Participant: 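Please find one structure pasted underneath; my questions will follow.
Just so we're on the same page: letters track the sequence lines, and every chain starts at 1. Please read all numbers here as calculations on a predicted model, not as lab measurements.
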Amino acid sequence: MSENGHSHGEGNGATATLTKADFQSGQETRWCPGCGDYAILASVQALMPELGIPPEKTVFISGIGCAGRFVYYMDTYGMHGIHGRAPALATGIATAREDLSVWVVSGDGDSLSIGGNHLIHSLRRNVPIKLLLFNNQIYGLTKGQYSPTSETGKITKSTPFGSEDHPFNPLALALGADASFVARTIDIEKKHLTEVLRRAAEHEGSAFVEIYQNCNVFNDGAFDAVRGKGGADNQIRLEHGQPIRFGADNERGVVRSPKGGLEVVEVADVGEDALVVHDVHVEDSSHATALARLADSPTGPTPIGVFRDVKRDVYGSSRQQELLSAHASATLADLDDLLRSGDTWTV
Amino acid sequence: MTTTSKKLETVIVRFAGDSGDGMQLVGDRFTAATAHLGNDLSTLPDFPAEIRAPAGTPGGVSAFQIHFASRDILTPGDHPDTLVAMNPAALKAHLDALEPGGTLIVNEDAFTPANLRKAGYEANPLEDGTVEDYQTFEVPMTTLTTRATDEIENLKPAEAQRTKNLFALGLISWMYGRPGKATISWLEAKFAKRPAIMAANVAAFKAGYNFGDTAEIAATPIEVGPAPLDAGEYRNINGANATAMGLLAASVKSGLQLFFATYPITPASELLHHLARHNRFGVRTVQAEDEIAAVNMALGASFGGKLGVTATSGPGMDLKAETIALAVALELPLVVIDVQRAGPSTGLPTKTEQSDLLMAIHGRHGESPLPVIAASTPSDCFERAVEAVRIAVRYRTPVILLSDTFLTNSSEPWHLPDMANLPEIDPDFATGPNAGDEFLPYLRNEHGARPWAIPGTPGLQHRLGGLEKEHGSGKVSYDAANHALMTKLRAEKLEKLAEELPPLVVDADEGAELLVLGWGSTSGVIGAAARRIRGRGLPIAIAHLRNLEPMPANTGDVVRSFDKVLIPELNTGQLLSLVRDKYLVDAIGHNKVEGLPILAEELEQAILEVIE
Ligand SMILES: Cc1ncc(C[n+]2csc(CCOP(=O)(O)OP(=O)(O)O)c2C)c(N)n1
Ligand code: SF4
Ligand SMILES: [Mg+2]
């Protein structure tokens, strides 16, 4: 199989026979050994055939950063754009071609620093694209500067005395932009990640998924409190319709705080009935926002899973149908009529 | 009452008033009536950057000039024969343009002490001799308008007064024998839902018209007969609308749905306003969150097999630069329309300039060549828009189309094009493998263009991107020799385009030693100045570049075949430096950066100085 030029013969169009291999471009992966990006790539390639969308109908668009190299490894249509602008490129293609499944892969610097504007506007419009934010809380590709999700006081090459910046909470930001689907998952939690992405794929508008991704070279262990060995007890796995509880023996839970938000308690202290029941479909985003705010950084109990999944008008698609049929029937004679429709005169 | 009329070949009228006085509307209506009479015409709207600039001050004056004639004309004219000044500020801002002996019509009622002060007059210019060199008519327009409308029910006094622009229009329409019927039916349609306003506007218009007829305002009304234009059907059009029509034509002709994404900015927004109306042609318009998003959306749509177009002015061009360079690397069709305005930065946002030429050609990092073309007249915007699309699609490249504030706003009669003459625009999408059973996304055809394989096409999946790609295979490549080759291949596309461009046409007199070479919106004034030079019995040659990058293959030979080359531009010498650099010709510049077009008399003078 060539690295970029596509050469495999079978599988196209016949979705029933699609396999993981149909989505692997064969281009040599160039991430650092041990990088969390590998795990995400493997899970995505494995999920794709299950979605039933053939590779030629799938488009991956990325910005610049380690995460951005993702598109080269997928044997779909792809575009590695410029830093921060992937959501805008994706808006163009998704609006023009409502028949495609369009995915964006982006880093925390790409999406939340240089590209913050495009991210919030694509979410508010509810463009039918799936936005995967590979959050490693660092600038990987430029070799280790702090990012807009790095914790205050972060010591990096560009901040030898600690950063002064207050970090973004990506999910709260997305919810502030009225995102209709918001979720969080973890690079190496294959099953969880696959399930979250499947639900993102099924969602009709914009789906925003934050993926905690370990950069073992420049920010190793940033998610250790919730990831891998020893992290499981801090994972608050959200499940629609279920009381929110977690811990090795489900001994902890989430209740409404008298201060307005949510807080973590011992279930034994409050009783099971006091726990908040998770609902992804509530119109009002305060519930999801309170969950997002429960852990501003992943150093203690942190919710993962789908926070919000609501229906809202999807940007472009119904309009595009009308426009396409108008375009298909427009002729040069119609244009002649248009030119002659105002004040004209004959010499 | 006057019964006879005076025949003139060409007339220039300028309306000037406060920006809230409706001068642009008056200009537009006068233009429509003039077009109907079969005159050739050219207009120059000129307005301040502020929507409601401080009322009554010279900075807040809005003006509209129209040049019309019974022969063909090329520019909106240098000096008005008749100036209408609705208030002291308008007089102050525009009196200098009127030649001694010219006709001046003022709204006498507006010359109050307060208005005089705001305009910066210490004494009333109507009384202190300021206007004595002109044929001045002081007309109490506000009073007469109020009187004409006082019987209309449900009309507020302020609404009545606001129709005084129609009084002025009526008066000038009478002076120049423009029938009122078309204007009245236009008012009736426009204000159909507001009968009192409609009645007031019509009454004011008629009052102005009758005032001329009975008050013997001009000794004689003036007649300008129809111009001998080529036979055919005409309409009046400005550059913005002509560009929109060109994009529609290219969309229909190519079968590519037009995807137009932009962010509002003066004067480019006009194009969005025009295109947004044409959903009948399937046009998808998007008002993006900024100019960077707009060009990325257009490029994304191009990847999806649409006709991706974006437009902007001044600062917006800077923002798009990085994405245009991406498009150079991706080798996808993309049209970027730059409606130039005076800079740097916000500069003079409503004033014209041609100062983005070097930026269009060179304003990107790395070696990123792309075709740059320019429109020469308002109606030429149609043809150039089609050409921009044709080049973009054929060569799989971003193309920059340069227009400017003057072209966008100015209008002229347009001999409606025959759609049968539109050039072929074939998207030629890739449908299958192009190298045995493999698909190589960077394998080039005879034009140096790579295949356009759009998502949805089975088996042709490929990854584009800003990282350098290997020739043929399109794999990411860091190989030095490959980068040198790809740099050369991208440049060669422009060389191939140059070979197919029509040669630069020279209109030269026998024995001409001077070539006046222009580009863009100076074509009218160059033609007009050349006419004046020829009128003096002096030989001259003129030529106009429609393609700036690459230039037609014969350009070097043309500029080298004259003793002298003069290049007039609304910048400090951008084409000048290109011509000197490319062809080693010691060309001379005539440059103006005052936010307004070059005048024919200015250029005539500059030419005479060079000839001597
Ligand atoms: C306009 C522009 N500015 C700066 C850069 C340099 N740059 C490339 S990637 C990057 C940040 C990458 O960080 P992130 O988005 O978090 O991705 P990661 O590498 O961590 O996956 C920067 C600053 C660029 N490519 N383009
Ligand atoms: S620098 Fe970090 S994010 Fe980038 S590839 Fe290496 S480990 Fe992964
Ligand atoms: Mg990062």
Participant: Under a 4.5 Å cutoff for heavy-atom pairs, which residue among Thr76(A), Val71(A), Ile61(A) has the most contacts with chain B?
Facilitator: Thr76(A)
Participant: Ile93(A) vs Met297(B), test: side-chain contact (heavy atoms from CB on, under 4.5 Å). Steps then yes/no.
Facilitator: CA-CA 7 Å; Ile93(A) 185 155; Met297(B) 288 178 188; over 6 Å; no
Participant: How far does CG of Leu89(A) sit from CG of Leu326(B), to the nearest 0.5 angstrom?
Facilitator: 6.5 Å
Participant: Measuring heavy-atom distances to chain A, does Pro228(B) have an atom under 4.5 Å in its side chain, in its backbone, in both, or in neither?
Facilitator: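 Neither part, no heavy atoms under 4.5 Å.
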Participant: Would you mind checking which part of Ile120(A) comes under 4.5 Å of any heavy atom in chain B, side chain (CB onward), backbone (N, CA, C, O), both or neither?
Facilitator: neither
Participant: With a 6.0 Å cut-off (strictly less than), is the heavy-atom count around OH of Tyr263(B), excluding the residue itself, greater than 12?
Facilitator: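 Incorrect, the count does not exceed 12.
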Participant: Does any backbone or side-chain atom of His278(B) lie under 4.5 Å from a heavy atom of chain A? Answer side chain, backbone, both or neither.
Facilitator: side chain
Participant: Which bit of Leu330(B) is near chain A, if near means a heavy-atom gap under 4.5 Å: side chain, backbone, both or neither?
Facilitator: side chain
Participant: Please determine, among Ala294(B), Ala435(B), Ala231(B), Ala35(B), the option with the most heavy-atom pairs under 4.5 Å with chain A.
Facilitator: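 With the most close heavy-atom pairs to chain A, the winner is Ala35(B).
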Participant: Give me the atom names and distance for the closest heavy-atom approach of Phe303(B) to Gly78(A).
Facilitator: CZ-O, 3.6 Å
Participant: Under 6.0 Å from the NZ atom of Lys20(A), do we count more than 12 heavy atoms belonging to anything else shown?
Facilitator: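 Yes, because the 6.0 Å sphere around NZ of Lys20(A) holds more than 12 heavy atoms from other groups.
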Participant: Find the distance between CD1 (Ile454(B)) and CZ (Arg97(A)) and round it off to the nearest 0.5 Å.
Facilitator: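 Output value for this atom pair is 4.5 Å.
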Participant: Is there a donor-acceptor pair closer than 3.5 Å between any side-chain N or O of Arg340(A) and the backbone N or O of Leu416(B)?
Facilitator: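 Between the backbone of Leu416(B) and the side chain of Arg340(A) there is no qualifying donor-acceptor contact (under 3.5 Å).
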Participant: Output the option from Leu467(B), Leu299(B), Val286(B), Leu248(B) having the highest count of non-hydrogen pairs under 4.5 Å with chain A.
Facilitator: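 Maximum pair count with chain A is reached by Leu467(B).
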Participant: Is chain A contacted by the side chain of Asn241(B), its backbone, both, or neither, given a heavy-atom distance below 4.5 Å?
Facilitator: neither
Participant: After noting the C-alpha distance and the side-chain angles of His327(A) and Phe281(B), does the key distance pass the ring pair (Phe, Tyr, Trp, His ring centres under 6.0 Å) rule?
Facilitator: CA-CA 5 Å; His327(A) 173 67; Phe281(B) 290 87; 9.2 Å; no
Participant: With respect to chain B, which residue among Thr58(A), Leu324(A), Val102(A) yields the maximal number of heavy-atom pairs within a distance under 4.5 Å?
Facilitator: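 So the answer, after comparing Thr58(A), Leu324(A), Val102(A), is Leu324(A).
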Participant: Kindly indicate whether the side chain of Val283(B), heavy atoms from C-beta on, has any atom under 4.5 Å from the side chain of Leu323(A).
Facilitator: no
Participant: For a side chain to side chain donor-acceptor pair (under 3.5 Å) check, start with the C-alpha distance between Glu233(B) and Thr346(A), then their side-chain angles and the critical distance, and finish with the verdict.
Facilitator: CA-CA 4 Å; Glu233(B) 199 170 353; Thr346(A) 302; 4.9 Å; no
Participant: Give, as side chain, backbone, both or neither, the part of Ala32(B) having an atom under 4.5 angstrom from any heavy atom of chain A.
Facilitator: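 Contact with chain A is through the side chain of Ala32(B) alone.
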Participant: Testing the basics here: between Arg235(B) and Leu339(A), what is the closest heavy-atom pair and its distance to 0.1 Å?
Facilitator: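 Closest approach of Arg235(B) to Leu339(A), heavy atoms only: NH1-O, 3.0 Å.
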Participant: Hey, what do you get for CD (Gln461(B)) to CG (Asp22(A)), rounding to the nearest 0.5 Å?
Facilitator: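 Output value for this atom pair is 9.0 Å.
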Participant: What are the two closest non-hydrogen atoms of Val347(A) and Leu229(B), and how far apart are they?
Facilitator: CG1-O, 3.3 Å
Participant: For the residue pair Val476(B) and His80(A), establish whether any side-chain heavy-atom pair is separated by less than 4.5 Å.
Facilitator: no
Participant: How are the rings of Tyr77(A) and His462(B) set to each other: parallel, tilted or perpendicular (split at 30° and 60°)?
Facilitator: perpendicular
Participant: Quick one: what part of Ser251(B) sits under 4.5 Å from any heavy atom of chain A, side chain, backbone, both or neither?
Facilitator: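 Both parts, heavy atoms under 4.5 Å.
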Participant: What's the shortest heavy-atom distance between Val252(B) and Ala330(A), and which atoms?
Facilitator: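 Minimum heavy-atom contact is CG1-O, 3.8 Å.
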Participant: Could you walk me through whether Glu322(A) and Arg280(B) pass the salt bridge (Lys or Arg N to Asp or Glu O under 4.0 Å) test, one step at a time?
Facilitator: CA-CA 9 Å; Glu322(A) 285 165 33; Arg280(B) 189 179 137 210; over 6 Å; no
Participant: Under 6.0 Å from the six-membered ring centre of Tyr315(A) and within 45° of its axis: does the NZ or CZ of Arg284(B) meet both?
Facilitator: yes
Participant: Under a 4.5 Å heavy-atom cutoff, which of Gly305(B), Gly456(B), Ala261(B) has the most pairs with chain A?
Facilitator: Gly456(B)
Participant: Is there a side-chain contact (heavy atoms from CB on, under 4.5 Å) between His118(A) and Asn296(B) once you walk through the steps?
Facilitator: CA-CA 10 Å; His118(A) 311 305; Asn296(B) 276 281; 5.7 Å; no
Participant: To the nearest 0.5 angstrom, please state how far the OG1 atom of Thr331(A) sits from the CE atom of Met419(B).
Facilitator: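 Reported to 0.5 Å precision, the distance equals 10.0 Å.
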Participant: With respect to chain A, which residue among Ala301(B), Ala293(B), Gly232(B) yields the maximal number of heavy-atom pairs within a distance under 4.5 Å?
Facilitator: Gly232(B)
Participant: Go through the atoms of Leu335(A) and report whether side chain, backbone, both or neither lie under 4.5 Å from a heavy atom of chain B.
Facilitator: both
Participant: Does the pair Glu289(B)/Arg125(A) count as a salt bridge with the N-to-O cut at 4.0 Å?
Facilitator: yes
Participant: Tell me the closest heavy-atom pair linking Arg463(B) and Asp75(A), and the distance in Å.
Facilitator: NH1-OD1, 3.0 Å
Participant: Can you tell me which portion of Ser62(A) sits under 4.5 Å from chain B's heavy atoms? Options are side chain, backbone, both or neither.
Facilitator: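 Neither the backbone nor the side chain of Ser62(A) comes within 4.5 Å of chain B.
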Participant: Between Leu422(B), Ile292(B), Leu258(B), Leu443(B), who has the most heavy-atom pairs with chain A when the cutoff is under 4.5 Å?
Facilitator: Ile292(B)
Participant: More than 12 foreign heavy atoms under 6.0 Å from CD of Gln145(A): is that the case here?
Facilitator: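 Count over threshold, so yes.
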Participant: Looking at Lys57(A), Arg69(A), His83(A), which one has more heavy-atom pairs under 4.5 Å with chain B than the rest?
Facilitator: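 The option with the most such pairs is Arg69(A).
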Participant: Among Gly255(B), Ala329(B), Pro433(B), which has the most heavy-atom pairs under 4.5 Å with chain A?
Facilitator: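 Answer, by heavy-atom pair count under 4.5 Å with chain A: Gly255(B).
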Participant: Please look at Leu332(B) and chain A and tell me whether the side chain, the backbone, both or neither of the residue comes under 4.5 angstrom of a heavy atom of that chain.
Facilitator: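 When you check distances to chain A, only side chain atoms of Leu332(B) fall under 4.5 Å.
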Participant: So does Lys475(B) get a backbone contact from the side chain of Tyr72(A), meaning a donor-acceptor N/O pair under 3.5 Å?
Facilitator: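 Here the side-chain-to-backbone pair does not exist.
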Participant: For side chain to side chain donor-acceptor pair (under 3.5 Å), just list the numbers for Asn236(B) and Asp343(A), CA-CA rounded to whole Å, side-chain angles, deciding distance to a tenth of an Å, and then say yes or no.
Facilitator: CA-CA 8 Å; Asn236(B) 214 42; Asp343(A) 276 351; over 6 Å; no
Participant: Compare every heavy atom of Thr457(B) with every heavy atom of Glu56(A), then report the nearest pair and how far apart it is.
Facilitator: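 Nearest pair, atom of Glu56(A) first, then Thr457(B): CB-O, 3.6 Å.
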Participant: Which distance, rounded to the nearest 0.5 Å, do you find between the OG1 of Thr344(A) and the CD1 of Ile237(B)?
Facilitator: 12.0 Å
Participant: Between Arg124(A) and chain B, which part of the residue has a heavy atom less than 4.5 Å away: side chain, backbone, both or neither?
Facilitator: neither
Participant: Should we count CG of Asp72(B) as having more than 12 external heavy atoms under 6.0 Å?
Facilitator: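 Yes, because the 6.0 Å sphere around CG of Asp72(B) holds more than 12 heavy atoms from other groups.
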